[in-house]
Trainee: 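The structure's right below; bear with me while I get my questions together.
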Amino acid sequence: MSEIPDGLKYTEEHEYVRETDSENEFLVGVTDYAQGELGDVVFVELPAAGDTFGRMDVFGTIEAVKAVSDLFSPLTGEIVAINEALGEDPALVNSDPYGEGWMVRIRATDPSEIDGLLSAADYAEHVDA
Amino acid sequence: MIGPTVRLLVDGPLPGATNMAVDEALMEGARRGQPSLRLYRWSPGCLSFGRNQTARDRYDGDRVGSLGYDVVRRPTGGRSVLHHREVTYAVVAPEEWGSLSDAYLRINRALANGLRELGVAATVHEASAGPAPRPTVRACFRDPLPGELTSGGRKLAGSAQWRFRGALLQHGSLLLHNDQALVETFRSDAPPRLEIPAVGLVELLGREPEPGELESTIAAGFERELGVEVVPGDLTDEELERVAVLRPKYEDPAWTWRR
């Protein structure tokens, strides 16, 4: 059973969005379910700080053993930071997806988009479906 | 769930960029529920890099070109493969075919099923205890990985997958002859020529397959293993248009040498 923490928002593409202390800034990563399905993550390609994305634009890729999946921006906004540690240790996505395995920090230009994301309960249902 | 029919596409030798564009173009149909099994070859022979593989300044494109080979970067993961005396398969299907590992295993089992009928002792490689390899400069065929096709412990096919917007593409190189040591000689640091622990079908069969023999054998393996009907077909006009749109991306050196 994969871990789906309460208090985060989720997408059907198995990403999570976590609020930060800064207004309109959110941490984005992939869920525990996603990392379990992928297996050992060997590479994460992330954008640069300052890049902007629309909702559901591809912002990067994640490669497990020989399989590539795209990462979709759950919100419209600007990347304000990326998790540099994943360059050295992409397996953090497996060991701590909701913590040290975060991928990007995004400043949302339309924070109301958050309301369109899934709650933990909705996401759990999506995973079970 | 696996659909009742899989379209079989058999292509003659094509340039690398066209081959990659066709594989990607098939994903649109897969999203609408049309799975495809495509079997194809390459002309000229082509060195392919994995989507995220380190290649810029690590491979010598001029040397590859001077020997008459092309270079392309795949949309799928993994590491470098020389597509020369081999057959490439591509399976394109809705994502509902299964999780990454499930689909990977199923497709490789279907290939093994077909090849066994031909008299080749093909097996799906069991899990290894080693760490998962990163997309480094190394050649794909140096390391048999869990779920891949081997014979007598030597790698017979190297496969990789891409999942994008509800469709999966898995393609892989099924060797006729083991020329993969050439891959290492294309590296800029030109390491001494290495033995690559791979094996080609011709060595295992003791003969060249007859024209069309591999294609029908593999299609039959998919039918038996996956319980589907494999029906010969063609690219649709819409897919051909999509190929023309996608091809320039795979011809662009900025994509090929992006990393």
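Per chain, numbering begins at 1; letters A, B, ... match sequence-line order.
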Trainee: Picking from A:Ile106, A:Ile114, A:Leu118, what satisfies side chain to side chain contact (heavy atoms under 4.5 Å, CB included) with A:Val17?
Mentor: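 Checked A:Ile106, A:Ile114, A:Leu118 against A:Val17; only one passes side chain to side chain contact (heavy atoms under 4.5 Å, CB included): A:Ile114.
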
Trainee: Any chance you could measure B:Phe222, atom CZ, to B:Leu37, atom CG, to the nearest 0.5 Å?
Mentor: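 Here the rounded value is 5.0 Å.
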
Trainee: Find out whether B:Phe164 and A:Val58 are in side-chain contact, i.e. whether some heavy atom of one side chain is under 4.5 Å from a heavy atom of the other.
Mentor: yes

Trainee: Quick one: which of A:Val28, A:Ile82, A:Leu46, A:Leu27 gives a side chain to side chain contact (heavy atoms under 4.5 Å, CB included) with A:Met103?
Mentor: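 One option only clears the test, and that one is A:Leu46.
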
Trainee: Please examine the side chains of B:Leu156 and B:Leu115, heavy atoms only from C-beta on, and report whether any two atoms are closer than 4.5 Å.
Mentor: yes

Trainee: Does A:Tyr98 use its side chain to pair, donor to acceptor, with the backbone of A:Glu3 at less than 3.5 Å?
Mentor: yes

Trainee: Less than 3.5 Å apart and able to act as donor and acceptor by atom type: which atom pairs between chain A and chain B qualify?
Mentor:
residue: A:Glu45; atom: OE1; partner: B:Arg258; partner atom: NH2; Å: 2.6
residue: A:Glu45; atom: OE2; partner: B:Arg258; partner atom: NH2; Å: 2.3
residue: A:Met56; atom: O; partner: B:Arg165; partner atom: NH2; Å: 3.4
residue: A:Glu63; atom: OE1; partner: B:Asn52; partner atom: ND2; Å: 3.0
residue: A:Glu63; atom: OE2; partner: B:Gly78; partner atom: N; Å: 2.7
residue: A:Lys66; atom: O; partner: B:Gln161; partner atom: N; Å: 2.9
residue: A:Lys66; atom: NZ; partner: B:Glu148; partner atom: OE2; Å: 2.3
residue: A:Lys66; atom: NZ; partner: B:Ser159; partner atom: O; Å: 2.8
residue: A:Val68; atom: N; partner: B:Gln161; partner atom: O; Å: 2.9
residue: A:Val68; atom: O; partner: B:Arg163; partner atom: N; Å: 2.9
residue: A:Asp70; atom: OD1; partner: B:Trp162; partner atom: NE1; Å: 2.7
residue: A:Asp70; atom: OD2; partner: B:Arg51; partner atom: NH2; Å: 3.2
residue: A:Glu88; atom: O; partner: B:Arg134; partner atom: NH2; Å: 2.6

